[in-house]
K.L.:
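Submitted below is the structure of interest, expressed as structure tokens.
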Amino acid sequence: MGCLVMLLELRDVAYRYVDGAVALERISMTVETGDRLAILGANGSGKSTLLRILNGLIFPTSGVALFRGQELSERALSAPDLKHEFRRTVGFVFQNADAQLFNATVEEEIAFGPGQLGLSRAETHERTHDVMRFLGIEHLSERPPFRLSGGEKRKVAIASVLSMNPEVLIFDEPFLGLDPRSQAWLVRTITQLQSAGKTTIVATHTLDTLPKIADRALVLSEAHQVVSAGPLSPILADENLLRSANLVE
Ligand SMILES: Nc1ncnc2c1ncn2[C@@H]1O[C@H](COP(=O)(O)OP(=O)(O)OP(=O)(O)O)[C@@H](O)[C@H]1O
Ligand SMILES: [Mg+2]
């Protein structure tokens, strides 16, 4: 006990939306530096809700969410120091890129986060261009994000998170709507980020790309509870488990 402070931890978390819909029940999990974690579950099982809690966008109805041992509550995150440290450490790529993109041009979109973190104009410019080069989207820099294709929007959304250089990257259904080449590109990008030391959490209900980007998984049931958690390969080999969680037919 107490020898290692977890990067992120949920202890017996439940979440209920205001209309009464239960989205999560009794969820306990930990995320350590360097983890390559997958969150698996059918539509409506609670993956996006879980990620929103890990990213401090919403807060548990009961139980606690912890970041480096400190409780993530609305009140705690109103303290500028914790808020700044948390926002700098944890980056979130939304399931729906349209919910994430709001600036007039791609370049401004990617520069927004570094600006919020207080980087100088020169540093912000350098980071923005480094990230565009890394993701191969320099040609889009002057385009308005809302006029891009779905796949291009996804790349810009990822860029706008990478430009903040977070230690933890959370992806919600990142492969959704991508063509095969873009999917392969994203797998390569995620593995490059992992090699660079990033901790990654990927929520998905598509299983084929997982072995390349995750080595641990947490499976949510349609009753919004954890039905399995541990190394990825035995989970992917467990047909009964996958069927009961509605992850395979
Ligand atoms: N804003 C909301 N208000 C009320 N209920 C919600 C809201 N968002 C999600 N829910 C409900 O919470 C449950 C979990 O939803 P969530 O979006 O977390 O699932 P998910 O696993 O991400 O699904 P998907 O694979 O379709 O993205 C569902 O029953 C859903 O209807
Ligand atoms: Mg979702």
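Computation of the quantities below employed the complete heavy-atom set of this structure, encompassing side-chain atoms and omitting hydrogens, waters and symmetry-equivalent molecules. We count ligands from 1, going down the list as the structure has it; atoms in each ligand are counted the same way. The shown structure was predicted, so the numbers you read here are calculated from the model rather than taken from an experiment.
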K.L.:
Where is the nearest protein heavy atom to atom 15 (O) of ligand 1: which residue, which atom, and how far?
P.N.:
Thr49 OG1, 3.9 Å
K.L.:
If you measure from CG on Asn55 to CG on Leu50, what distance do you get to the nearest 0.5 Å?
P.N.:
11.5 Å
K.L.:
For atom 10 (N) of ligand 1, what is the closest protein heavy atom, and at what distance to 0.1 Å?
P.N.:
Tyr17 CE1, 3.3 Å
K.L.:
Mark whether atom 31 (O) of ligand 1 lies under 4.0 angstrom from at least one protein heavy atom.
P.N.:
no
K.L.:
Heavy-atom distances under 4.0 Å decide this one: backbone, side chain, both or neither, for Ala42 against ligand 1?
P.N.:
backbone
K.L.:
I need the nearest protein heavy-atom contact for atom 25 (O) of ligand 1: residue, atom name and distance, please.
P.N.:
Lys47 NZ, 2.7 Å
K.L.:
Quick one: are the ring centres of Phe92 and Phe171 less than 6.0 Å apart?
P.N.:
no
K.L.:
May I ask you to check whether over 12 heavy atoms, not counting those of Arg26, lie within 6.0 Å of atom CZ?
P.N.:
no
K.L.:
Within a distance under 4.0 Å of any heavy atom of Ser48, pick out the atoms of ligand 1 and give their elements.
P.N.:
17 (O), 18 (O), 20 (P), 22 (O), 27 (O)
K.L.:
Looking at ligand 1, does Gly41 have a heavy atom less than 4.0 Å from it?
P.N.:
no
K.L.:
With rounding to the nearest 0.5 angstrom, report the CZ to NZ distance, Phe94 to Lys153.
P.N.:
15.0 Å
K.L.:
Output the list of atoms in ligand 1 that are nearer than 4.0 Å to some heavy atom of Gln95, sorted by atom number.
P.N.:
27 (O)
K.L.:
With a 4.0 Å cut-off on N to O distance, would you call Arg133 and Glu138 a salt bridge?
P.N.:
yes
K.L.:
What protein heavy atom sits nearest atom 26 (O) of ligand 1, and how far off is it?
P.N.:
Asn43 ND2, 3.1 Å
K.L.:
With heavy-atom distances below 4.0 Å as the criterion, list the atoms of ligand 1 near Ala21.
P.N.:
5 (N)
K.L.:
Does any N, O or S atom of Gln95, backbone or side chain, fall under 2.8 Å from the Mg ion (ligand 2)?
P.N.:
yes
K.L.:
Go through ligand 1 atom by atom and flag the ones less than 4.0 Å from a non-hydrogen atom of His205.
P.N.:
25 (O)
K.L.:
Quick one: pull up CZ in Arg121 and OG1 in Thr128 and give me the separation to the nearest 0.5 Å.
P.N.:
11.0 Å
K.L.:
Which atom pair, heavy atoms only, marks the closest approach of Ala245 to Val219?
P.N.:
CB-CG1, 3.8 Å
K.L.:
Are the side chain of His205 and the backbone N or O of Leu247 linked by a donor-acceptor pair below 3.5 Å?
P.N.:
no
K.L.:
Check each atom of ligand 1 against the heavy atoms of Gly44 and keep those under 4.0 Å away; list them by number with element.
P.N.:
13 (C), 14 (C), 19 (O), 20 (P), 21 (O), 23 (O), 24 (P), 26 (O), 28 (C), 29 (O)
K.L.:
Ligand 1 versus Ser45, non-hydrogen atoms closer than 4.0 Å: side chain, backbone, both, neither?
P.N.:
both
K.L.:
Testing Ile158, Asn165, Leu162, Val161 for side chain to side chain contact (heavy atoms under 4.5 Å, CB included) with Val131, which one passes?
P.N.:
Leu162
K.L.:
About how many Å separate CE of Met29 and CG of Leu218, when rounded to the nearest 0.5 Å?
P.N.:
5.5 Å
K.L.:
Backbone or side chain, does Ser48 get an N/O/S atom under 2.8 Å to the Mg ion (ligand 2)?
P.N.:
yes
K.L.:
Quick one: which of Arg127, His125, Glu126 gives a side chain to side chain donor-acceptor pair (under 3.5 Å) with His129?
P.N.:
His125
K.L.:
Using heavy atoms and a threshold below 4.0 Å, how should the contact between Asp19 and ligand 1 be classified: side chain, backbone, both, or neither?
P.N.:
side chain
K.L.:
Quick check: Gly46 and ligand 1, any N/O pair under 3.5 Å apart?
P.N.:
yes
